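For reference, the structure discussed in these notes is given below.
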Amino acid sequence: MAGRIGLVLTGGGARGAYQAGALLAIGEITGTSTLPFPVLAGSSAGSINATYLASRADSFAQATRDLADMWTTLRASDVYRTDVGALSKSVAEWLTDLGLGGLIGTGRGRALLDTSPLRAFLEKHFDVHALAHHVALDRVRGVAATATDYQRGLAVTFFQGAPDIAPWSRVTRIGVRAKLSPVHILASSAIPVFFPAIEVDGHWYADGSIRLTTPMSPAIRMGADRIVAIAVRQADLGEPNPDPTPAAPGAYPTAASTIGVLLNALFLEALESDIERTLRINHTLGLLPPEVVEGHLTPLRPIDMLVLRPSRDPGSLVVRTLDHIPGTVRYLFRGLGASENAGWDLLSYLEFDCSYTTRLLMLGYEDTMARADELRAFLAA
């Protein structure tokens with residue numbers, strides 16, 4: 001397994017555009033036509049980017065350009081229905097269950113948004129046959145998408161890859177061999193409350209970031225010993241979030257601000273913790289004699305990492321883009337308290353509009369190009 005490089009892409013809704021920008025830069029920096037990452041693991045929006053690249057493993061540079069085009073031409077209507085009828089129906093079901101639950105509530109309120117357009121979008125852009133072809137030719141050792149099983153409370157990683165990759169089982173996560181399809185990707189990207197759960201083989205699934213506390217684990221399980229991880233959290237955690245939450249001194253936090261904090265915890269904390277944990281393990285293994293590691297700690301091995309992060313808070317880029325999304329959805333977001341002055345974190349995950357995703361993609365591109373020499377050295381090591 002020596003030298004296998006894995007690509008890890010975490011969740012983040014619309015923030016997946018940052019990853020697309022970073023990948024576009026990697027495509028230009030490497031100048032390679034073949035996929036430089038034989039192992040790919042994603043969750044939420046990261047699963048969309050990971051599986052797209054895996055299905056285009058024979059044309060990496062062009063695939064990154066096409067992926068960038070996909071994100072920079074994205075509209076909210078490509079992800080969820082924006083017509084009055086669909087939104088009114090979803091909201092009415094929630095209001096009925098919440099207001100009249102003891103009388104006629106049925107629990108029919110599944111999600112605030114109807115993501116049937118996203119299913120069609122994934123079916124258009126994800127070639128399942130090409131993915132199987134690249135796996136058979138060993139261009140892709142393994143690709144994985146993680147979703148959260150509502151019934152079992154587990155992070156379920158659906159993976160497709162080489163025959164010698166064994167399924168795994170841990171306390172809160174399992175790996176299941178599958179023939180990946182748009183349904184798996186849709187399940188991995190189902191943000192709770194906003195996007196409906198997706199049924200796969202009799203189980204209902206939501207966004208994979210809910211229970212995936214070790215985002216790098218699937219890549220390591222599939223054989224990666226060096227990992228490039230593209231985060232969607234600001235590099236300098238010392239800077240305060242520009243989102244004024246609450247909007248004014250003494251004001252109660254809006255629903256948008258509260259949900260934004262929860263989504264940050266859902267999408268951003270796991271990768272940071274996993275990176276810290278991996279560095280600790282690397283350090284511990286480096287202090288032990290090789291014979292001790294080989295004789296008693298064989299499941300453990302040092303993992304080299306290169307982490308690419310935003311140099312700016314992605315939430316700050318969503319300012320002044322709220323008016324670009326359809327009026328019906330804007331009405332919903334404003335009802336939750338999102339505005340030009342508040343709720344930026346919430347909008348940074350759900351504003352699937354090119355006015356925002358293009359700015360975010362360019363940030364990912366510029367941040368990665370600034371580290372071109374470091375990236376070349378890591379990939380060539």
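These numbers were taken from a predicted model, which means no experiment stands behind them. No hydrogens, no waters, no symmetry mates; every other heavy atom, side chains included, goes into these values.
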Could you pull out all residues at least two apart from Arg177 that satisfy salt bridge (Lys or Arg N to Asp or Glu O under 4.0 Å)? none
Tell me, please, which residues at least two apart from Asp367 pass salt bridge (Lys or Arg N to Asp or Glu O under 4.0 Å). none
Heavy atoms only: give me the nearest [X]-[Y] pair and the separation to one decimal.
X      : Y      : value
Ala187 : Val200 : CB-CG2, 4.2 Å
Asp274 : Thr213 : CB-O, 4.3 Å
Glu199 : Val183 : O-CG1, 3.8 Å
Ser44  : Gly12  : OG-N, 3.8 Å
Val140 : Ala54  : CG2-O, 3.7 Å

Has His125 got a side-chain atom pairing as donor or acceptor with Leu122's backbone, closer than 3.5 angstrom? no
I want to know whether Tyr205 and Phe158 have ring centres closer than 6.0 Å. yes
Are Trp71 and Tyr18 an aromatic pair by the rule of ring centers under 6.0 Å? no
Is Arg119 salt-bridged to Glu123, going by a charged N under 4.0 Å from an acidic O? no
Check this for me, if you would: do Arg359 and Asp353 make a salt bridge, where the nitrogen-to-carboxylate-oxygen distance has to be below 4.0 angstrom? no
CG on Leu361 to CG on Leu74, rounded to 0.5 Å: 11.0 Å
Can you tell me how far CD1 of Ile198 sits from OG of Ser188, rounded to the nearest 0.5 angstrom? 11.0 Å
Students often mix this up, so state it plainly: with edges at 30° and 60°, are the rings of Phe159 and Trp168 parallel, tilted or perpendicular? parallel
Parallel, tilted or perpendicular for Phe37 and Phe60, by the 30°/60° rule? perpendicular
